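Down below is the structure, laid out as structure tokens.
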Amino acid sequence: YAAKRKLSGALLYDPSFDSASSQMLSLLTELRRAVEGNELRLFLQPKVSLVDGTVVAAEALVRWEHPQRGLVPPMQFIPFAEQTGFVRKLTLWMFEEAARLMGDARVQSHPLKISINLSTRDLLDPDLSVRLGSLLQRYGVPATQFCLEITESAIMDDPQRAETTLNRLSEQGFQLSIDDFGTGYSSLAYLKRLPVDELKIDKSFVMGMEKDEDDAKIVRSTIDLAHNLGLSVVAEGVENAVILERLADLSCDEAQGYHISRPLPAEAFLSWRAQRAEAPLPEA
Ligand code: C2E
Ligand code: MG
Ligand code: MG
Ligand code: MG
């Protein structure tokens with residue numbers, strides 16, 4: 001009972017807590033149950049082209065539909081899942097859900113690229129590419145339908161192993177994206193060596209670009225940098241029409257954010273996409 005009560009707080013895991021290990025054990029048990037008991041949900045958030053407003057892809061974001069706590073956001077359990085290594089199971093679950101979705105008639109008729117977030121643990125797993133490959137085979141989906149998002153910090157945790165993993169995934173046909181770009185500590189000289197296709201400008205800069213001149217400069221130079229390196233660039237955290245417009249003026253390739261759509265359950269996303277087909281860019 002005590003463990004349950006503590007778990008009902010805002011933070012599912014508080015490392016400063018005295019009996020942290022028993023708390024961790026019970027959260028791990030809950031997470032296992034979540035995967036096996038069908039409590040995880042794959043939400044999708046659209047990525048739209050800033051050239052013609054079409055929905056070019058969607059990012060898969062995990063949600064935990066906890067029987068007592070309701071919809072738990074990822075930041076409340078991903079760091080813990082990282083720490084325990086459980087996140088690898090979660091990645092495979094998300095990837096399998098996405099691969100299954102590719103078989104849906106509505107996706108077959110209007111192909112969709114799906115981005116999946118990878119964690120540090122995934123990059124350190126020498127079998128990741130084999131595991132993903134066997135899921136692709138099971139669902140009959142090509143790797144080119146997927147983009148894998150990796151943060152700079154996940155790469156810099158063990159750059160050499162990350163490079164090996166990323167080279168393998170890229171050879172397999174996956175697109176690779178650097179998430180939260182600008183917030184980590186990777187050097188450009190190093191990033192240049194990686195088989196990356198896309199940079200995602202961190203939402204803190206995008207959200208700040210209206211009011212903070214420095215954020216605006218960071219956004220502008222990141223777009224230029226990406227293009228000079230031959231990469232596609234996505235702005236995340238686009239919350240209003242003014243920012244959307246400015247990004248288009250700066251020749252940013254794609255945008256993602258609440259102004260376009262919040263992350264939606266997969267089913268709702270597919271309806272949203274079908275309805276939007278005739279009304280490309282959101283109203284100002
Ligand atoms: P991320 O990969 O950078 O995902 C973008 C986050 O920004 C999502 O938060 C999304 O809901 C939020 N977002 C999108 N547009 C806006 C906007 O206009 N304004 C604001 N304020 N926020 C916006 P979410 O879903 O809570 O996920 C947070 C982070 O958790 C993700 O950041 C990612 O690092 C991690 N995460 C989520 N799902 C997964 C997963 O399946 N696997 C792994 N390894 N990590 C995941
Ligand atoms: Mg992401
Ligand atoms: Mg991000
Ligand atoms: Mg993030």
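Note that ligands are numbered from 1 as they come in the structure, with each ligand's atoms numbered from 1 the same way. In this chain, numbering begins with 1 at the start of the sequence shown. Below, each value reflects all heavy atoms present in this structure, side chains not excepted, and no hydrogens, waters or symmetry copies. Every value quoted in this text rests on a predicted model; they were computed, and no experiment measured them.
Within the 6.0 Å centre-distance limit, the rings of Phe146 and Phe95 are counted as a close aromatic pair.
Short contacts between ligand 1 and Asp179, defined as distances under 4.0 Å to a heavy atom of the residue, involve ligand atoms 1 (P), 2 (O), 3 (O). Close contacts between ligand 1 and Pro263 involve ligand atoms 11 (O) [criterion: under 4.0 Å to a heavy atom]. Per-residue contacts place Glu236 under 4.0 angstrom from the following atoms of ligand 1 (heavy atoms of the residue considered): 3 (O). Counting the atoms of ligand 1 from 1 in the order shown, those under 4.0 Å from a heavy atom of Val238 are 18 (O). Using a 4.0 Å cut-off to heavy atoms of Gly257, the atoms of ligand 1 that qualify are 15 (N), 18 (O). Heavy-atom proximity to Met207, at under 4.0 Å, picks out these atoms of ligand 1: 21 (N). Within the listing of ligand 1, atoms 14 (C), 15 (N) sit less than 4.0 angstrom from a heavy atom of Gln45. For ligand 1, the atoms sitting less than 4.0 Å from at least one non-hydrogen atom of Met75 are 28 (C), 29 (C), 30 (O), numbered in the order shown with element in parentheses.
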Worked verdict on Thr120 versus Ile155 for side-chain contact (heavy atoms from CB on, under 4.5 Å): CA-CA 7 Å; Thr120 311; Ile155 293 171; over 6 Å; no
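In this structure, Arg262 does not count as a contact residue of ligand 1, since none of its heavy atoms falls inside 4.0 Å of the ligand. Under a 4.0 Å heavy-atom criterion, Glu82 is not in contact with ligand 1. Heavy atoms of Gly237 approach ligand 1 to within less than 4.0 angstrom.
Between Arg138 and Glu96 there is a salt bridge, since at least one side-chain N of the basic residue sits less than 4.0 Å from a carboxylate O of the acidic one. The pair Arg63-Glu39 does not meet the salt-bridge criterion, since no charged nitrogen lies less than 4.0 angstrom from a carboxylate oxygen. Between Arg33 and Glu30 a salt bridge is recorded (basic side-chain N to carboxylate O distance below 4.0 Å). Remark: Glu239 does not engage Lys203 in a salt bridge, criterion side-chain N to carboxylate O under 4.0 Å.
Between atom 46 (C) of ligand 1 and the options Thr120, Thr91, Ile78, Ile116, the minimum heavy-atom separation is to Ile78. With Gln256, Met94, Arg63, Arg88 as candidates, the residue nearest to atom 41 (O) of ligand 1 on a non-hydrogen basis is Met94. Selection from Phe43, Trp93, Tyr258 by nearest heavy atom to atom 17 (C) of ligand 1 gives Tyr258.
At least one N/O-N/O distance between Val62 and ligand 1 falls below 3.5 Å.
Vertex the Mg ion (ligand 3); arms to Asp180 atom OD1 and Asp179 atom OD1; angle 90° (nearest 10°).
Proximity of Leu90 to ligand 1, defined as any heavy-atom pair under 4.0 Å, is confined to the side chain (atoms from C-beta onward).
With hydrogens and angles left out, the side-chain atoms of Ser115 and Glu59 include no donor and acceptor closer than 3.5 Å.
Of the possible donor and acceptor atoms, none in the side chain of Ser261 sits under 3.5 Å from a partner among the backbone N and O of Gly257. Between the side chain of Gln108 and the main chain of Met102, a donor-acceptor pair closer than 3.5 Å is present. Judged by distance alone, with hydrogens and angles left aside, the side-chain atoms of Asp122 form no donor-acceptor pair with the main-chain N or O of Leu118 at under 3.5 Å. No donor-acceptor pair under 3.5 Å is formed between the side chain of Asp197 and the backbone N or O of Gln175. Without hydrogens or angle criteria, Ser49 side chain to Val51 main chain gives a donor-acceptor distance under 3.5 Å. Put simply, the side chain of Arg273 gets close to the backbone of His110: a donor and an acceptor are under 3.5 Å apart.
In summary, Asn117 places an N/O/S atom under 2.8 Å from the Mg ion (ligand 2), meeting the contact criterion. The Mg ion (ligand 2) has an N, O or S atom of Glu149 under 2.8 Å away, backbone or side chain. For a distance bound of 2.8 Å, the N, O or S atoms of Asp202 include none lying that close to the Mg ion (ligand 3).
The atom name of the N/O/S atom in Glu59 closest to the Mg ion (ligand 2) is OE2.
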